[in-house]
Amino acid sequence: MMKFRFRRQGNDPQREKIKQELFAFNKTVEHGFPHQPCALAFDPQLQLMAVGTKSGAMKIYGSPGVEFTGLHRDAAAVAQIHFLQGQVRLLGHFLDIHVCVCYNVCDVVSSASRVTVLLLLRSCDLLCVGTEGGGIHFLDLPRLSLRDNQSLLLDQVMQSVPEDYRCGKSLGPVESLQEHPKQPGKILIGYSRGLVVLWDLSTCNAEHMFLGKQQLESLVWERSGSSFVSSHSDGGYSVWAVASGNTYTHQPVSSSIPYGPFPCKAINKILWRTIQSGGGMPRASYGDRHCVTIQQDKQHVTLDFTSRVIDFFTVHTTDLEHDYDDPKALVVLLEEELVVIDLLTTGWPSVPPPYLAPLHSSAITTSCHLDNVPAKLWDRLAAAGNSQGAQPGVRHAHGSWPICGGKNLAPPPRQQELLLTGHEDGTVRFWNVSAVAMTPLYKLSTANVFHTDCDPNDDPLDPTNDPEALQEEEWPPFRKVGCFDPYSDDPRLGIQKISLCKYSCRLVVAGTAGQVIVLGLSDEWSDHTVDVSTVDLLQDREGFTWKGHDRLEPRASPAPFPPGFQPLVLVQALPPASVTSVMLHAEWNLVAFGTSHGFGLFDYHRRTAVLARCTLHPNDSLAMEGPLSRVKSLKKSLRQSFRRIRKSRVSGKKRPIPTPTSKIQEANAALADQEEVAPVQRRIEPRSADDSLSGVVRCLCFADTYLRDGTHHGPTLWAGTNSGSVYAYALEVPGVGSGRGRPGGEGSGCVEAVLGKEIQLMHRAPVVSVCVLDGRGKPLPEPYQASLDLATAPDMTNPHSVLIASEEQLKVFSLPKVGAKTKFKLTAHEGCRVRRVAMVTVCSTAQEDYSETSLVCLTNLGDLHLFNVPALRPQVRYDCIRKEDISGIASCVFTRNGQGFYLISPSEYQRFSLSAKVITEPLCTVELERPLETHIRSLHTNTSGDTHQQGVIMSGSPEKERMRELERAHLNSHRTPNRTGEVLQI
Amino acid sequence: CFYVIRNPERNSLFEAEYRRFALKMSGTCGFQEFYRLLQTVHHIPGVEVLLGYADIQGDLLPINNDDNFYKALSSANPLLRIIIQKRDVDEPVVFATNSLQRRKKGLAGLRPAQQKAKPGLMIGLPQDFRQISSIIDVDILPETHRRVRLHKHGTHKPLGFYIRDGVSMRVTPQGVEKVPGVFISRLVRGGLAESTGLLGVNDEILEVNGIDVAGKSLDQVTDMMVANSHNLIVTVKPANQRNNVVPRASRVSAGGNSSSGSIGSAFSHDSAPSTASQSVSHHSNSNSVAEGDSDEDGDGDLIIETDSLPPYLPHRCVSNGNGSHRESPLSSSLGQRPLPQSMSLSMTTPTHNGSPTKTSSSQESMREDGNIITL
């Protein structure tokens, strides 16, 4: 009935065309580290690396900027990935092929014998499938058709096994399949019980048998094919010589348990690479750590990781003529990060990866995006970041990334973009998100502003400082590698809100214990004490006792602060509740912050508090119980249900003849009613004023606008709360317009704040955002933008207006007299609630200079609505995030040019674009020598149609659990007469 | 404690007289005494008058017995607006929900002559009358459906119902289909929904304030209802189809608008659908749409201007923090208020009070009052 309102607008063909030129929704690129990776593959010819995840995503990486992503339709876990070497056909029908493999294998192999290993021959025309039952099946590629009658069953093998070895027991599952490095068509088959068979595919004949007795884990060929290494579940490994002549070998050439003699865990994977110098062999170890050992000659390092090892490979020469492998780098995929060790540089330093950044090295708590970052700030940040990276054990800048397949065709970014992430451990990380590859730029830690239990100064320095000394002292020679560290020293350090002024290089970070830190950028080390102020937000409100955590104790002594952002002032809100909103106005030297109790305004130039305002509702007792927690919401719901019971009892009393028995019956009935409440029921009641947490300050906004009257504008501060209240303060900032903050501005008087208006939204929904619009209906420019001539000056001649977005409605009010002008009742019409709003400016693809400012709303259903301002007419709507993905919706952040980021897992940001023009997506090629298809382009492929030019063979069976059991690995080296081998093993 | 009582007195159709006086709270006794007091104050002894007061929701409610007199006093905070009207047989006062607001918002234009027209039957003097619900749009809806309007603001009762997911049967060209639907799952005892008798358990909800709920999740429908909770219009398909309202052709007159806008069910009196069917309204489609649109929250947001805000001071002048100058939007706000012809209200400015904390106390009483309030 009321829909006629919507039909009235729109459908104007002219307008529709403009909309098409402005808006388009694309999910462009995924930044960060894939969640729950479970498979790794490498194509040495093309220099491409593939990572598969439990959710069925496949990601292919080459040189920086070369990224391909595919998602398996069935979202089944990827158990194994194999490249068809040299053919980019790989990705080709990757989606389909994967499915096929699963199905075909299931057909071939009865359900009793599940797939354990796969071997893809170098010729890429045959896939060997080893099963739990010990059989091996052969599939033709690329069609994956079963070669009938060629399956190698256990019986055939058993026939050739000498009598005394059989002893009635089965050989066990196939544990390893390896192709002979020099003679195609010969494969090495390892069975769990220890038997290793060299099988000739052309003659279907067992050429050689190695009668091992140890339970087998893994096999690897030496490069020449004259020997191989087997690793075992007891933590030992054996070298076997492949001598022609006799068919049976009973004993290995050598065998050792590197971390023995005590019982060791299994070596789950072993690699052996020869290099020209030295000789080596690998070994296993023990403990509950996640380790990989590298050993060469006397050099022996046990890489100690913070998360589980998934798989590893080496980057080495593929030239068959070459006598040695010459490994360049070791790439280890861990559950939470990717670590690359440079094997060419002495000391084996790690190389920072240009992609797959572990965003979540500590949990992400907030984020903030800046576009058009000035070169000055960018360079200083990069310099500060470089000086941070100069730690021992981490190689920087020089030296190239070992995985260099493909070519990045994306043009250099038009502007520098920064994404700031705040973390649970009190750090703020600055990421370069100008292009497809998200790379770390700089890391700021705020922990050293405070005195914490584990003061970094008292900390024994990390062992990487002196690896060699440690190596001599300790056995095994552990070396900590990687940066994933999910443990926070103190949860109060967590960063909740960030605000950065890119022109003045002022940064404000606010955290869980009510701390608000103002920082300035400096290029030099500095030792100073940080000024501390406290602002009591409760003021004279009586009857409230804070039961939550204490405030953080500021450090009393001067602390050394490295180049980068250094703290200037620390403001602590009391009670020390988590900061829920923060806003910086660097031009006025003001910072406003809000918590669940109220908001404050601080002048960091004069270091004085200007204003403290309590927003608590008198009935709101829950706000005092500390940080938001599950316990609390449980408490709340319990309390409410008791209240409801009590209410119904009371209403029962009012009934005509309240006899004692009827009262009891009534109470019982009320209780029974409560119990009947099925989970799918929803109560329909208006929001009431005394809902708890009504005082939470949700948004803050500075604006130079008309609040007092229509002729004189001035600085104002706006604050919106959870209960639909908006407070507008007129600020008296001395010298605004005449350059306060410059030396001459000193002593020019204090900032004053006077309450100008109070708006109570009738529907009492939380205020999500407040934004002042100028006379043309455009948002006011950021601080300094107008005074530095970086943006068109706001229109101060026509009346201003203020846009207040609550969870339920968008509304524009005129200023200075706050009268409703336009509104859009999103919840009443669509049944969704506003979660995030932002003003974005979208450029047209057709006309270079045409752009529109829109309001973008992300709702609790995960869809995006765009409205024009100030008319608030709906423009377009897109589905963006699944509505069940609450953390994704909560983490969403928009850029001013119409892009956005949200977390699709704790470690990955999905980047998307609302603009038809500004799209950041991978654009890259991989050159092929295959005659037919020479080229592939990166496509964003959630549809199989897009991927058909690319190819990967990947296959696997979800049941395969073996890899997941890997706990640790070691590598060891031993000397052989004239060449060196390295073996890596998990 | 003194209460200021504003007191416009209607002498004739076009003249009005305003009085303001203080009344000692402890000194009040009963309605009759108050009635006599008013007659004395206005020097109209012996003249039969009707008393009404504006409650916090902006409704004009009668004062004619002790109960509603005390109720009126208790809602005076700090001002009580009392409207006195000569008892006139030709033109009885219409006490109704939103009676003040409708005029204020000019909605009378959409319902021509509703207020001035003869109100049809008037059954005695209403004791404490406020509309809390109505059945609307009977003539445009299928008989099997019912469109119910709940006025939350007239009462302190909770809306008092729960909704759930369910399966609904729809007749389509392909035959009967099962489709997901939203149903009322429970009525809270003593709640508004229950007391109207217009909604029942297992009624299927088809529309919320004119928006079709088909394809919407339970949470979406919940949010829509909560967002509209102050003026909720739900279209339901009652589970019990025996009490359906049947439009009566005989009542269709040429004007079609002379009847009162809706069927009211009196506060605390169950008006069962059967009684409601006695007087069925006839709205044109656009009328009901306008009604749905005319949500009060448009101007319902309360805006408090603080006069402690100093006027613009020349550059670099530091304000004294609590300026004594004060703008006076009073006149303009008064001017914006379209007053009913038969009544006039005065707006009194309380004594100057610069502290913002005081504003919250008076905002209660002024909530629905106007666009801008100056304190």
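Residue numbers start from 1 in every chain, and the chains themselves are labelled A, B, ... in the order their sequence lines are given, proteins ahead of strands. FYI, side chains are in, hydrogens and waters are out, and symmetry mates aren't considered; it's all heavy atoms of this structure.
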key: Segment of A:L861 engaging chain B (4.5 angstrom heavy-atom cut-off)   =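 Looking at A:L861, just its side chain touches chain B.
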Toward chain B, the part of A:E808 with a non-hydrogen atom under 4.5 Å =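 Only the side chain of A:E808 comes within 4.5 Å of chain B.
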request  = Start with the C-alpha distance between B:R186 and A:Q681, add both sets of side-chain angles, then the distance that settles side chain to side chain contact (heavy atoms under 4.5 Å, CB included), and finish with yes or no.
outcome  = CA-CA 9 Å; B:R186 189 158 78 87; A:Q681 272 193 130; 3.6 Å; yes
Do [X] and [Y] touch side chain to side chain, with heavy atoms closer than 4.5 Å?
| X | Y | value |
| --- | --- | --- |
| A:K757 | B:I303 | yes |
| B:V226 | A:P686 | no |
| B:S229 | A:H763 | no |

Can you measure from [atom1] ([X]) to [atom2] ([Y]) and round to the nearest 0.5 angstrom?
| X | Y | atom1 | atom2 | result |
| --- | --- | --- | --- | --- |
| A:H829 | B:N209 | NE2 | CG | 8.5 Å |
| B:D223 | A:N860 | CG | CG | 6.0 Å |
| B:S185 | A:R683 | OG | CZ | 11.5 Å |

For chain A, the option from B:I163, B:T222, B:D219 that forms the most heavy-atom pairs under 4.5 Å =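 If we count pairs closer than 4.5 Å to chain A, B:I163 comes out on top.
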ask   = If only atom types and distance count, is the side chain of A:E685 paired as donor or acceptor with the main-chain N or O of B:G160 below 3.5 Å?
value =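 It does hold such a pair.
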key: Donor-acceptor under 3.5 Å (B:Q220 side chain, A:E830 main chain)   =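 Yes; at least one donor-acceptor contact below 3.5 Å.
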query = What is the minimum heavy-atom distance between A:T827 and B:M224, and which atoms define it?
reply =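 Scanning both residues completely, I find the closest heavy atoms to be O-CG, 3.1 Å.
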Nearest heavy-atom neighbours spanning B:S217 and A:K883 =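 Minimum heavy-atom separation between B:S217 and A:K883: CB-NZ, 4.0 Å.
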message = As a test of understanding, state which of B:N228, B:L150, B:L159 forms a side-chain contact (heavy atoms from CB on, under 4.5 Å) with A:I684.
response =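 Per the side-chain contact (heavy atoms from CB on, under 4.5 Å) rule, the option paired with A:I684 is B:L159, out of B:N228, B:L150, B:L159.
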